[in-house]
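Quick note: numbers below take in every heavy atom, side chains included, and nothing from hydrogens, waters or symmetry partners. What you see is a predicted model, and the numbers here were worked out from it, not measured in a lab. Throughout, a chain's letter reflects where its sequence line sits, starting with A, and its residues are numbered from 1.
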2 protein chains.
Amino acid sequence: MSALAGDNRLPRYQRLADALRARIVDRSWKPGDRIPSENVIAEQFGVAPGTARQALAALVDEGLLERQHGRGTFVRRPSFDQSLFRFFRFSGAAGERLIPESRILRRSVDVMPSEVARQLGVSEGSEGIAMDRLRLIDGAPILAEQIWLPLPRFQPFLAIDPADIGPLLYPIYDASCEQTVARAEESLTAEAADATLARLLRVARGTPLIVIDRLARDYAGDALEWRRSRGPAERFRYRTEIR
Amino acid sequence: MSALAGDNRLPRYQRLADALRARIVDRSWKPGDRIPSENVIAEQFGVAPGTARQALAALVDEGLLERQHGRGTFVRRPSFDQSLFRFFRFSGAAGERLIPESRILRRSVDVMPSEVARQLGVSEGSEGIAMDRLRLIDGAPILAEQIWLPLPRFQPFLAIDPADIGPLLYPIYDASCEQTVARAEESLTAEAADATLARLLRVARGTPLIVIDRLARDYAGDALEWRRSRGPAERFRYRTEIR
DNA sequence: GAGTGGTCTAGACCACTTC
DNA sequence: AAGTGGTCTAGACCACTCC
């Protein structure tokens, strides 16, 4: 039986949640793993089952765990490479989801722009991997992306042949560099297409483009990837509910 | 002691939550009201206090209730007239929130466009109140709004002198028409400014504008107001976190 | 049938607000 | 001091999944 660490003025279920979260952060429990049942956890930490439930519920709320009736509690596998669907309409005729194909136009190692370095939390002048990607549906370009990855953390990624890189990057980061994207912050605005983007996206110069900046982080909160995506506003619609 | 209505196969806390929600929908409990304590509710409905807690927690989650330690449980007062802050940066030099002033350019009664009627859930050809508003900070226009309200529901609103209408409309709907906005659906895209909007917002023709459509509903889910707001994308930034 | 999470009970004690 | 919600306990029974 482990003791419950941390400030004992905090509620037990919170300290327990912290202890469980730590196991996810340090990868002793990996995405997809089943974790011990609530009774086992309760016994291990010396709390009542109800208190363990409360801790687990908090982590479900945070999006770290998933519970499945009769099967167990699992570390959630974050897979929001498709999160573009929250923004753009790529549905086919039947309304089904399509994953746009991906064409890597350029990959190189360069000194990062200072704003990118700042957001990735590395020192000014650091080197990183730069990529330009184009995403297409039925051969028609719909999104232009710039991506920066910090070095040396993503060194192994350079060994991968660009031809082997499919549309989903995060599973590749996970497999090749042991870097798991757990969450991301996105910010959104619009701008007029300049000459380069107009040519790339095959729209007229000045066409309104939606610009989505994304900073992806791992469970520990370290920034893993900086990304800027631009696509024609016409294809774009974002819905949200407020209360 | 009231009986718990509804399908017996549903969990008690859900049927209890439905019963409590109904009291908010039918305005026996109004926004700002304190509702009975969990012990009283538990006794009234013949459930254990823990079950009542679970029902109350569900309604807090839905955004209908607010609990305050030591004070009680209250019907949440939805006040998202300021929800524009989620989208536009209006902060002053000190970063404080400013409520933009409001100028009503036009108010009239007209047949609603069929798309507006459809979204408001009234029959094609119905009449409604149309308003054009301009919102400004320090005299500079930042947002152009079109608003439609269904008739006869909002008949009393016509009696109000436009000069008496401040920047916040929802409290006025509440006071004059007993219509409470409980939640809203927003959808967002961008377009280029046409001649009219360019003149109104004092930007060049073709400048990218953010377009926000909002459909506001009451607790019962009836649509109360249709609104389309446009502002220069330059002043716009929307942030969100995804997991 | 064994193990899991989901619902429900019936209390106890604590922290906070109000009077 | 009284009343409120917040935490915590120690069980019970049920529904679901898997073997």
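- Here the C1' atom of nucleotide C:dT4 and the CG atom of A:Asp33 are 17 Å apart, to the nearest Å.
- Separating the CD atom of B:Glu38 from the C1' atom of C:dT9 is a distance of 14 Å, rounded to the nearest angstrom.
- A donor and an acceptor atom, one from each side chain of B:Ser187 and A:Arg239, are nowhere located under 3.5 Å apart.
- For the atom pair CG of A:Asn39 and CD of A:Gln44, the computed distance is 11.5 Å after rounding to the nearest 0.5 Å.
- Other residues, nucleotides and ligands place more than 12 heavy atoms under 6.0 Å from the CD atom of A:Gln68.
- Computed from coordinates, the B:Glu43 CD to C:dA10 P distance equals 12 Å when rounded to whole Å.
- Following rounding to the nearest Å, A:Ile35 (CD1) and C:dG3 (C1') show an atom-to-atom distance of 15 Å.
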Would you give a per-nucleotide map of nucleotides 13-19 of chain D, 5' to 3', where B means the base has a protein non-hydrogen atom under 4.0 Å away, S means only the sugar-phosphate does, and - means neither? --BBSS-
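- The distance from atom CG of A:Asp218 to atom CG of A:Leu224, rounded to the nearest 0.5 Å, is 4.5 Å.
- Side-chain atoms of A:Met131 and A:Glu145, non-hydrogen and from C-beta on, never get closer than 4.5 Å to each other.
- Contact between the side-chain N/O atoms of B:Arg53 and the OP1/OP2 oxygens of D:dG5 is not found at any separation under 4.0 Å.
- When the local axes at the two ends of the helix from C:dG1-D:dC18 to C:dT18-D:dA1 are compared, using 5 base pairs at each end, they differ in direction by 10° after rounding to 10°.
- Applying the ring pair (Phe, Tyr, Trp, His ring centres under 6.0 Å) test to A:Tyr13 and every residue at least two apart in sequence or in another chain returns nothing.
- Regarding A:Gln54, its CD atom lies at a distance of 8 Å from the C1' atom of D:dG6, rounded to whole Å.
- Between B:Leu120 and B:Leu215, some side-chain heavy-atom pair lies under the 4.5 Å cut-off.
- For B:Asp222, the salt bridge (charged side-chain N to carboxylate O under 4.0 Å, His left out) partners at least two apart in sequence or on another chain are B:Arg153.
- Between A:Thr73 and C:dG5, a side-chain N or O to OP1/OP2 separation shorter than 4.0 Å is present.
- Residues of residues 9-19 of chain B that place a heavy atom closer than 4.0 Å to DNA chain C, in numerical order, are B:Pro11, B:Arg12, B:Tyr13.
- C:dC16 atom P lies 16 Å from atom CZ of B:Arg67, rounded to whole Å.
- Nearest nucleotide to the A:Thr51 side chain, out of C:dC8, D:dT9, C:dG6: D:dT9.
- Note: CD1 (A:Ile41) to P (C:dT4) measures 11 Å, nearest angstrom.
- The 12-atom threshold is exceeded at CZ of B:Arg243, counting heavy atoms of other residues, nucleotides or ligands nearer than 6.0 Å.
- Partners of A:Arg21 under the salt bridge (charged side-chain N to carboxylate O under 4.0 Å, His left out) rule, at least two apart in sequence or in another chain, are A:Asp18, A:Glu62.
- Under the 3.5 Å distance criterion, with hydrogens and angles disregarded, no donor-acceptor pair is assigned to the side chains of B:Arg135 and B:Ser229.
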